[in-house]
2 protein chains.
Amino acid sequence: MSQQSVTMADVAKAAGVSRTTVSFVLNGRMESSIPESTRERINQAARDLGYRPNAAARTLASKRSSWFGLVTEIATSPFATDVIKGAQQAAWEDGNFLLVAPSDAEPGMDHRAVEKLLEQQVGGLIIATTWHREITVPANARAVPCVLVNCFDADGEFPSVVPDEIGGGYVAAEILANAGHTNIGHITVATGIPAQIGRQTGMKQALREHGIEQDDSKIVPGDGTADSGYHGTQTLLSQPDPPSAIFCGNDRIAMGAYDAIKELGLRVGEDISIVGFDDQEILAPHMRPKLTTIALPFEEMGLAGVSLLNQMVEGSPIENRQITIGCPPRIRSSVALHGQR
Amino acid sequence: MSQQSVTMADVAKAAGVSRTTVSFVLNGRMESSIPESTRERINQAARDLGYRPNAAARTLASKRSSWFGLVTEIATSPFATDVIKGAQQAAWEDGNFLLVAPSDAEPGMDHRAVEKLLEQQVGGLIIATTWHREITVPANARAVPCVLVNCFDADGEFPSVVPDEIGGGYVAAEILANAGHTNIGHITVATGIPAQIGRQTGMKQALREHGIEQDDSKIVPGDGTADSGYHGTQTLLSQPDPPSAIFCGNDRIAMGAYDAIKELGLRVGEDISIVGFDDQEILAPHMRPKLTTIALPFEEMGLAGVSLLNQMVEGSPIENRQITIGCPPRIRSSVALHGQR
DNA sequence: ACGATTTGCTAACACGATTCAGTAACGCGC
DNA sequence: GCGCGTTACTGAATCGTGTTAGCAAATCGT
């Protein structure tokens, strides 16, 4: 109906020049010598007619598209948002678009998603996961430059961007150590995944450097739920020498820990200090007291992924194929000074 | 480099037919009489060569694209995810794509976003917001069919999909009334927005039908934060005849309410019953006790939006321009029977 | 056995850009 | 007034597909 699309030819006619000239002017090709007067005339005509370039035609003719594909598990995640946001932002600034495809549910879905994206002529691919882990990349993803975000492949064939779990664990423990705590508990986020291994490694290192030794009984396995935090905390606090501080593997665990502590008649951030992990925005700043935690830099990871992809598409050499993004602490009110004075 | 794109012409040559025939077969045009044997030969050739259709060329030639544009505030929202997810799913099932553009930050951004999407030849637009409200639609959105999700325009020019706030408020109050509560408090989610007005209206209606009259002092204004829930609850419970149940305008308010109740030495779900609103997945099911709340149907709204858009694009008449999606209760453990026996 | 219909395909134009190769007009030095 | 370089453009091919119109051969009806 109102599909009265104005084409370059229309603009050309209106300005009294050829399509070629219009193309040069509108794309800002300066190497062709076209006087300011003509440029202005063409731009004016384009504006008057309400000219809107046809991206499909452009893609076809130039063999270069203005978008990247992002494959992610939309389903289970408040995190996906942040990755998308960061990637979106970076792409948008270069005039690029993000085509988001879901990789949920059945296996093989990701292969189909990549296939669909390739059909759309994406210039590059980002594959992102909601929790940090190893994945096997669908074979067809090799057709274009591809970057992994929050995940990695076994042989390191693909460049990847992951959070610095070790650094995060280190900072968490350091915060507690610096506050004077020497008896520190830890409830793990899960067992055997990069998040748990990294965070625990970082914690151990920080404690060692502060001359604190941590008994194995102070580390209790959790499963990422508030329930596991609740029970883990009960376990820790019922020991003969209960810790004065607990590093919780994630914010939900911290949430459960709060409940257990309060039920025992103790006060979080006074009697017992807590540090979480993830910095979930609808959780951590709203807990009482507000949770001190370590942020997972999803937005920055999405951003870094797109930057990396841009470099690859432009053919620049990649100096660093394994980018880790720092996990910055968010100091709030759940850690108390503990001390010997 | 590996851009060895296989075209229809290649498939045609391999199968020993013309390009036209390949196009017919691959698009499943049955009105042209082509024997099964030829079809099979062509399909085989396409598979062997790894043929992948070029969406840009297809869009250009057919003047119909396989994607919709979704404009949303990516930034501030765990909700955006769900809308995207629902829309994604619906679009995907019809072989369509969702092009997601951010409308954040500066005003005018949404206009630019729509412009960009139109350049990509989107066949329709969805404009979604993170909280239910009135918006002014960018003028250029009228170029293609356009549906509003979780928002609406002043004159109802555009079809919209919004949550049934009144129904949600009704159900929330009904849950409490049915449990035997007659003295019910309410902490509003904000002041003067559709969510507050609708939920409060629904609550009043339910209470009236149950023969319960609610004093104005039982309604305290909140601002959507946990803090306002905390203080609101203190206000309510320090009254001469404190309520036995509180309907919280959202889940974060409920979170604050929990803290206030526990601090007073009372037990949530036993001494005081709580109903929330939103059903934030990383919050409500993890609270202790698990929060009974009313869900905001973001995913369904995204889905409904795309369905509506599909109808419009196909030119079907729209029977219902103002779709409201129900807000279903999620019964958990924060409501206790209160009673006269 | 002959015209009419069906079957099985193909030629050719269109879509809206990009881009390479080329050219007409003009100024300028000598 | 001839050659040369610059300025200001334009023509035509190309990208990969959709789509209409039509053609040759096979089949059918009588």
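The sequence lines fix the lettering, A, B, ..., with proteins before strands; numbering per chain opens at 1.
In terms of modelled atom types and a separation under 3.5 Å, the side chain of A:W67 and the main chain of B:L99 share no donor-acceptor contact. A donor-acceptor pair under 3.5 Å is formed between the side chain of B:R39 and the backbone N or O of B:I34. Formation of a donor-acceptor pair under 3.5 Å by the B:R41 side chain with backbone atoms of B:A14 is not found in this model.
Comparing atom distances between the A:R58 side chain and each of C:dT18, C:dT19, C:dC15 picks out C:dT18 as nearest. You'll find that the side chain of B:L60 is closest to C:dG16, out of C:dA17, C:dA12, C:dG16. Closest to the A:N54 side chain, of the nucleotides C:dA17, C:dC13, C:dC20, is C:dA17.
Open room surrounds CZ on B:R64; 12 or fewer heavy atoms of other groups in view lie less than 6.0 Å from it.
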query: Where does DNA chain C pair, written as one dot-bracket string 5' to 3', with Watson-Crick or G-U pairs under 3.5 Å, ( ) inside the strand, [ ] for crossing pairs and | for another strand?
result: ||||||||||||||||||||||||||||||

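The side chain of B:T21 contributes an N or O atom lying less than 4.0 Å from OP1 or OP2 of C:dT10. A:R29 has a side-chain polar atom (N or O) that falls below the 4.0 Å cut-off from OP1 or OP2 of C:dT19.
We find that CZ of B:R19 is positioned 11 Å from C1' of C:dA14, with the value rounded to whole Å. Rounded to whole angstrom, the span from the CD1 atom of B:I34 across to the P atom of C:dT7 amounts to 13 Å. Distance CD (B:E119) to C1' (C:dG16): 13 Å, rounded to an integer number of Å. Here C:dT19 presents its P atom at 14 Å from CG of A:L26, a figure rounded to the nearest Å. Here C:dC9 presents its C1' atom at 10 Å from CD1 of B:I42, a figure rounded to the nearest Å. Whole-Å rounding puts the A:K13 NZ to C:dA17 P distance at 14 Å.
Base engagement by A:S33 is indicated by at least one non-hydrogen atom pair under 4.0 Å involving a base atom. A:R39 comes within 4.0 angstrom of nothing in the nucleic acid, heavy atoms only. Counting non-hydrogen atoms under 4.0 angstrom, B:T59 reaches nothing in the nucleic acid. Looking at heavy-atom distances under 4.0 Å, B:S23 makes contact with a base.
Pairs passing the salt bridge (Lys or Arg N to Asp or Glu O under 4.0 Å) check and including a residue from residues 124-134 of chain A, sequence neighbours excluded, read A:E73-A:R133.
For A:S62 against C:dA17, no side-chain N or O and base N or O form a donor-acceptor pair under 3.5 Å.
Of the residues A:N310, A:V122, A:V306, A:L309, the one that meets the side chain to side chain contact (heavy atoms under 4.5 Å, CB included) test with A:N96 is A:N310.
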query: Would A:E119 and B:R58 satisfy salt bridge (charged side-chain N to carboxylate O under 4.0 Å, His left out), going step by step from the backbone distance to the final call?
result: CA-CA 10 Å; A:E119 284 181 13; B:R58 188 194 300 244; 5.3 Å; no

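For A:S23 and A:T20, the side-chain atoms include no donor-acceptor pair closer than 3.5 Å.
We find the OG1-OH distance between A:T7 and A:Y51 to be 7.5 Å, quoted to the nearest 0.5 Å. To the nearest 0.5 angstrom, B:Q89 atom CD is 12.0 Å from B:D94 atom CG.
The residue among B:V17 and A:T7 whose nearest nucleotide of DNA chain C is located toward the 5' end is B:V17.
Boundaries of the chain A contact region on DNA chain D are D:dT7 to D:dG16, first to last in 5' to 3' order (nucleotide atom under 4.0 Å from a heavy atom).
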